[in-house]
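Here is the structure we will look at.
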Number of protein chains: 2
Amino acid sequence: MTQNNHSGHVMAMEASSTITLSDVAQAAGVSVSTASRALNGLDAKYRISRSTAEEVRRVAGELGFRPNQAARAFRSQRSGLVGVVVPDIANPFFAAIAREVTLAAEQHQYSILIADSQESTLREQNLLQEFVSRQVEALVVCPVGVECQHLVAIHQSNLPLVLVDRVFPQCEMMQVTSQHRTGAQLAAELLLANGHRHIGVLQGLPGTLPNDERLQGLRETLHSVGIPFDSEFVDGNNFTEVSGYESATRLLSRHPEITAFFALSTPNALGALRASAGLGRSVPDDLSIMTFDDSPFADFMRIPLSTVCQDVQKLGEQAASIVVSALRDGKMPPPTLQQFQVTVVQRSSIESARL
Amino acid sequence: MTQNNHSGHVMAMEASSTITLSDVAQAAGVSVSTASRALNGLDAKYRISRSTAEEVRRVAGELGFRPNQAARAFRSQRSGLVGVVVPDIANPFFAAIAREVTLAAEQHQYSILIADSQESTLREQNLLQEFVSRQVEALVVCPVGVECQHLVAIHQSNLPLVLVDRVFPQCEMMQVTSQHRTGAQLAAELLLANGHRHIGVLQGLPGTLPNDERLQGLRETLHSVGIPFDSEFVDGNNFTEVSGYESATRLLSRHPEITAFFALSTPNALGALRASAGLGRSVPDDLSIMTFDDSPFADFMRIPLSTVCQDVQKLGEQAASIVVSALRDGKMPPPTLQQFQVTVVQRSSIESARL
DNA sequence: GTGAAAGCGCTAACAC
DNA sequence: GTGTTAGCGCTTTCAC
């Protein structure tokens, strides 16, 4: 690392002696209240004369007046903040959701407070408390997904809260996720159609809705064709590559008859790819892989992964739209559980099972 | 999409009639000031009796007192906020930086305001103004990178500001980026060693330091071995896949003698992969590709991309550490330009040029 | 049409 | 050791 210390640098200008509303009022020759009204575009409501209002705004612009949002938020009880909590900002899935919400919020003059729970429910709780005490006007949460009391409490306090992805169907809240069960069924049908009968499942975080609904979808499809669903063939504890690697390794050694993996996340699938390489099983001829969630790299992979795609943009947009309408109307939207369609993209990671 | 409207739902409990500091004080039988001190852990400083302090805290806990951070921020002029502005939250590079900063901030009880400039300097300016008026105590900005006056102004107002990635060496600020020039030189040497003499450059956003330093590194290395650097062989206007696709297509049709591409970003390289497929040039036998920035998918690609890797985590950590120390010490760190080492990872996207 | 003035909930002099 | 009190910058009720 190189480091160039600039020398002789003078820390210029004291924090440009902030212009306050009363400065503007004084300069414009009006009272603070008139200035406030004019600057908030309340001319009509308070029947401020056109000339006065414009003069105030002109002066404010000239002085470079920036209303102190902290003061404004405090006084008006409107922070102009929307809180977003996700388990991992760097995960493309959550990043995409954060992005949609952020863009929507920016459009409506709200700012976004973001936090990373690092997949810890405890952290999630604390971060949410923090956001609540910062007076956020709405929350979008991609929860860790195994506990929900703290979320219910927030919802009940009448603070608009939208859950995304790992939702809680038993709770009456605003929730947005995908049709995981259907997705898994489609995936299972594809594997069955290719002759796979011994399917190993690399699961993510057990107890979360996406994980469990996917398992259930698979189970149902297998049952429907008379194949028993053996929990011995399910392994994994997280939506991570490490979990995928470890569970794939264990499953392959315990059940060499496995001809296909159903990974419940893309990192899980990548782990499986590494594991199978290490164990001399080649994909797809020797081992098929089906996964969840798409990535922009999918088409460029050595073994392009067949996958169940969620419409991440739609999830984010919908979450944003619920939040925005709650903020606009000032009332809680009705609690709903929305589940968006998924699509299956078949790529070469699936081959017919060898007989 | 399915939609289950829960019915008969009662919007319970009014926003739990917020407990204020004076409620706590009253309940504990002390004045607000004592309560404030006790709750802020200033017992020692104000020599509050152990029993009183503990009683106050007990009562506060019992009542579920949550200090109104908006009020606190307003009064104390300490918002406890750090602003982060990036050109695209969903871009893994920026997401990783945002994550490091967020985690560091959370550790120090700060919250993160995040915003997405969408590669627009104008938006960047507005977002920064917004953050300033929200009284952020520090800013981390991955700027669009072609204009810097607005950033200089912020720096001069004595608000701690750290620039990451697309920095401005001519400005005296706190800046963190990679050794782009060196990286490009290493990349160029690798291409030269493989016999490539006609190298097409798929550039990103011209005028930004990473882009221009990389071009310069390439130029220098070519010159050093007596190969002229022809700007005819440089095309592109953005760090995006679209730009990469278009510039690769143009370059290949105008200069079919090109045997290798140097893409200045991974999306640029993906665009080149698509373009070359369309034009019947196969990578790597018929066309080599070298790129910048790594991705977790690199090892799984059909044509694993050779790349110059930046240490994203270090960039983020360093930005965070500068910010944290500025916040802790309450003074501006010295303006520095730090450039972190890069490493070259050679993968199979590079082959010897056909003679 | 405009101004005066009362706080929002909290912190920090200052008083004793 | 603890209480009293004056605001922070703004919005908003009430007065005129």
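In what follows, every heavy atom counts, from backbone to side chain, and hydrogens, waters and symmetry copies are set aside. Reminder, nothing fancy here: chain letters follow the sequence lines and each chain counts from 1.
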Please work out if A/S36 contacts a base, only the sugar-phosphate, or nothing of the nucleic acid, heavy-atom cut-off 4.0 Å. base
Rounding to an integer number of Å, can you tell me how far A/R66 CZ sits from D/dC10 P? 13 Å
Here the distance between atom P of D/dG3 and atom CZ of B/R47, to the nearest Å, is 15 Å
Work out which heavy atom in A/Q175 is nearest to a heavy atom in A/C171; give both atom names and the distance. NE2-O, 3.0 Å
Contact class for A/R72 vs. all strands (heavy atom < 4.0 Å): base, sugar-phosphate, or nothing? sugar-phosphate
What are the 5'-most and 3'-most nucleotides of DNA chain C lying under 4.0 Å from any heavy atom of chain A? C/dG1 to C/dG9
Any chance you could measure A/E130, atom CD, to B/Q109, atom CD, to the nearest 0.5 Å? 7.5 Å
How many whole angstroms separate atom NZ of A/K45 from atom C1' of D/dT13? 11 Å
Separation of A/Y46 atom OH from D/dA15 atom C1', in whole Å? 13 Å
So which heavy atom on A/V82 is nearest to which on A/V136, and how close? C-CG1, 4.4 Å
Would you mind reading off the distance between B/R50 atom CZ and D/dT2 atom P, rounded to a whole angstrom? 13 Å
Starting at CZ of B/R75 and ending at C1' of D/dC10, how long is that distance when rounded to a whole Å? 15 Å
Gap between atoms CZ and P, on A/F65 and D/dG9 respectively (whole Å): 11 Å
Give the minimum heavy-atom separation between B/L161 and B/L151, together with the two atoms involved. CD2-O, 3.3 Å
Would you compute the distance between atom CD1 of A/I322 and atom CG of A/L327 and round it to the nearest 0.5 angstrom? 12.0 Å
Check every strand shown and say whether A/L21 touches a base, only sugar-phosphate, or nothing at a heavy-atom separation below 4.0 Å. base
Scan B/T20 against the nucleic acid and name what it touches under 4.0 Å (heavy atoms): base, sugar-phosphate only, or nothing. sugar-phosphate
To the closest 0.5 Å, what do you measure between OH (B/Y46) and OG1 (B/T52)? 16.0 Å
Taken to the nearest 0.5 Å, the spacing of A/Q313 CD from A/I97 CD1 works out to 11.5 Å
Closest to the 5' end of DNA chain D, once B/A53 and B/S76 are matched to their nearest nucleotides, is B/A53
Between A/G29 and B/S33, which is nearer to the 5' end of DNA chain C once each is assigned its nearest nucleotide? A/G29
Ranking D/dG1, D/dC14, D/dG3 by distance to the side chain of A/R37, first place goes to D/dC14
Rounded to the nearest 0.5 Å, what separation is found between the CD1 atom of B/I114 and the CG atom of B/L127? 11.0 Å
Determine: side-chain N/O of B/T34 to OP1/OP2 of D/dT2, distance under 4.0 Å, yes or no. no
B/E54 CD: over 12 foreign heavy atoms closer than 6.0 Å: yes
Roughly, in whole Å, what's the span from CG in A/D43 to C1' in D/dT11? 16 Å
In short, the helix from C/dG1-D/dC16 to C/dC16-D/dG1 is bent end to end, axes from five pairs each side, to 10°, by 40°
Under 4.0 angstrom, heavy atoms only, what part of the nucleic acid is A/S49 near: base, sugar-phosphate, or nothing? sugar-phosphate
For A/P67 against A/R72, the heavy-atom pair lying closest together: CG-NH2, 3.4 Å
Output yes if the stacking criterion (under 5.5 Å between centres, under 30° between planes) is met for A/F74 over the base of D/dC10, else no. no
